[in-house]
Amino acid sequence: MDQRYVSGLTVVLVVVGVAAFAFTSLWPPQMLASDSGQAYPAGAGPDHINFSALEVHGMNVSHTPQTHWDSYAIVHTEPPDRRLVEGDYYINSTTGEILADRWHNATVYRNGTTYAVIQRADGIPNEHQREQLQSDSAYVYDNTTDAYYWYDPRYGQIAPTNIGRHTEMLKAYTWTAINRTTHHSVPVITYRLSGERDTATTLSPPLNGTLQLGVQDGIIYAFDITLDGDGREYRYTYDVRPETFPDHRWVDTAREVASENATESTARRHSSRSVTSRSSGQ
């Protein structure tokens with residue numbers, strides 16, 4: 001064979017080999033659809049996520065991530081004109097306490113059977129809602145802090161709150177695994193949005209999106225999805241991450257205010273009975 005052809009062929013083979021190595025280095029085929037041997041949580045695979053199956057073992061973002069962090073936050077953002085759920089949550093892994101941000105600058109506290117709420121007066125949007133709070137016997141207004149409080153140490157069984165609703169919208173779409181990584185040291189599989197399910201008739205068409213699914217627990221640790229809202233883009237984000245549990249001394253204030261209100265109410269009832277008794281005796 002002509003020496004020139006041999007030399008040229010050698011150069012081509014070297015270039016192809018280098019290019020192939022570079023491609024596989026930059027885009028390692030870790031979790032492609034054909035990579036069925038990789039570990040996936042129950043209910044998930046390389047080209048699908050069965051959200052109902054993920055929940056079958058009762059694993060919940062309000063308790064499962066406690067094995068990873070001492071305390072953590074569940075942070076959610078959505079378009080102001082398309083709000084679907086309440087805001088952020090904070091969870092203390094040691095005590096099980098939960099703080100949840102509500103609309104209008106209110107905060108909810110849960111711990112066992114204890115339930116408390118603070119609604120700061122400066123966050124009340126209108127007089128109608130202020131009147132509703134004033135007429136609700138569960139709330140007590142404290143002039144010193146200019147806030148309404150609700151405190152109940154025997155609230156009973158507390159529902160899992162709205163935490164689970166943050167990820168409800170993801171069920172309307174299909175997802176394909178693209179890689180394996182970590183989310184604040186937690187092993188996760190990253191999925192890319194790939195289409196709509198046949199049952200997705202009420203939500204907006206998707207433009208793009210990703211989510212991160214815990215390899216060991218099937219928990220959704222993060223997502224970022226953008227929908228087409230008739231020419232407008234609506235973006236929703238979600239992130240479960242380690243975070244210091246917020247100061248919640250207001251719960252002590254709520255307990256004190258509720259106790260004082262109960263004492264005053266009891267005193268008023270006794271006073272009313274005394275007046276009635278005297279009136280009857282005359």
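Note that CG of Asn208 is 9.0 Å distant from CZ of Arg235, once rounded to the nearest 0.5 Å. Here CG of Asp152 is found 8.0 Å from OG1 of Thr113. Values are rounded to the nearest 0.5 Å. The structure places OH of Tyr141 at 12.0 Å from CD of Gln119, a figure rounded to the nearest 0.5 Å. To the nearest 0.5 angstrom, Ile225 atom CD1 is 14.0 Å from Tyr238 atom OH. Note that the CD1 atom of Ile91 and the CD1 atom of Ile74 stand 4.0 Å from one another [nearest 0.5 Å]. In this structure, Phe51 CZ and Ile220 CD1 are separated by 5.0 Å, a value rounded to the nearest 0.5 Å.
Residues Val75 and Leu211 are members of separate hydrophobic clusters, defined by side-chain heavy-atom contacts under 4.5 angstrom among Ile, Leu, Val, Met, Phe, Trp and Tyr. When hydrophobic clusters are built by joining Ile, Leu, Val, Met, Phe, Trp and Tyr residues whose side-chain heavy atoms come closer than 4.5 Å, directly or via intermediates, Tyr155 is grouped together with Val117.
For the pair Gln212 (side chain) and Thr181 (backbone), a donor-acceptor distance under 3.5 Å is absent. Remark: side-chain polar atoms of Trp175 are not paired, donor with acceptor, to backbone N or O of Ala44 under 3.5 angstrom. Arg197 contributes a side-chain N or O that, together with a main-chain N or O of Lys171, makes up a donor-acceptor pair within less than 3.5 Å. Checked by atom type and distance alone, the side chain of Thr64 never pairs as donor or acceptor with a backbone atom of Val61 at under 3.5 Å. Between the side chain of Ser71 and the main chain of Asn92, no donor-acceptor pair closer than 3.5 Å is present. In terms of modelled atom types and a separation under 3.5 Å, the side chain of Thr263 and the main chain of Ser259 share a donor-acceptor contact.
Residues passing the ring pair (Phe, Tyr, Trp, His ring centres under 6.0 Å) test with His76, sequence neighbours excluded: His166. In terms of the ring pair (Phe, Tyr, Trp, His ring centres under 6.0 Å) criterion, residue partners of His248 (sequence neighbours excluded) are, by chain and number, Tyr109, Phe245. Evaluation of the ring pair (Phe, Tyr, Trp, His ring centres under 6.0 Å) rule for Tyr139 yields Trp150 as partners, not counting sequence neighbours. Residues passing the side chain to side chain contact (heavy atoms under 4.5 Å, CB included) test with Ser194, sequence neighbours excluded: Thr174, Thr176. Applying the side-chain hydrogen bond (donor to acceptor under 3.5 Å, both in side chains) rule to Gln134 yields the partners Tyr148; only residues at least two apart in sequence or on another chain are considered.
For the pair Pro206 and Glu196, the tightest heavy-atom approach, listed with the atom from each and the gap, is CD-CG, 3.4 Å. In terms of heavy atoms, Tyr236 sits closest to Pro79 at CE2-CD, 3.4 Å. Nearest heavy atom pair, residue Arg120 against residue Asn105, reads NH1-O, 3.1 Å. Shown here for Leu213 and Gly218, the closest heavy-atom pair between the two residues is CD1-O, 3.4 Å. In terms of heavy-atom proximity, Tyr149 sits nearest to Trp250 at CE2-O, 3.9 Å. Shown here for Tyr151 and Ala258, the closest heavy-atom pair between the two residues is CB-CB, 4.0 Å.
Atom CG of Asp230 is surrounded by 12 or fewer heavy atoms from other residues, nucleotides or ligands within 6.0 Å. Counting heavy atoms of neighbouring residues, nucleotides and ligands inside a 6.0 Å radius, atom CG of Asp228 exceeds 12 of them.
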### Query
Run the salt bridge (charged side-chain N to carboxylate O under 4.0 Å, His left out) check on Glu243 and Arg241 step by step: do they pass?
CA-CA 6 Å; Glu243 192 85 34; Arg241 67 192 186 209; 3.2 Å; yes

### Message
Could you walk me through whether Asp217 and His68 satisfy the side-chain contact (heavy atoms from CB on, under 4.5 Å) test, starting with their C-alpha distance in whole Å, then the side-chain angles of each, then the deciding distance to 0.1 Å, before giving a yes or no?
### Response
CA-CA 11 Å; Asp217 52 25; His68 303 300; 3.8 Å; yes

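The closest side-chain donor-acceptor pair between Asp224 and Thr210, if any, does not fall under 3.5 angstrom.
Residue pairs meeting the salt bridge (charged side-chain N to carboxylate O under 4.0 Å, His left out) criterion with at least one member in residues 88-105, sequence neighbours excluded, are Glu86-Arg102.
Taking the six-membered ring where the residue is Trp, Trp69 and Tyr72 present tilted rings, their angle falling between 30° and 60°. Below 30°, between 30° and 60°, or above 60°: for Tyr221 and His183 the angle between ring planes is between 30° and 60°, a tilted geometry.
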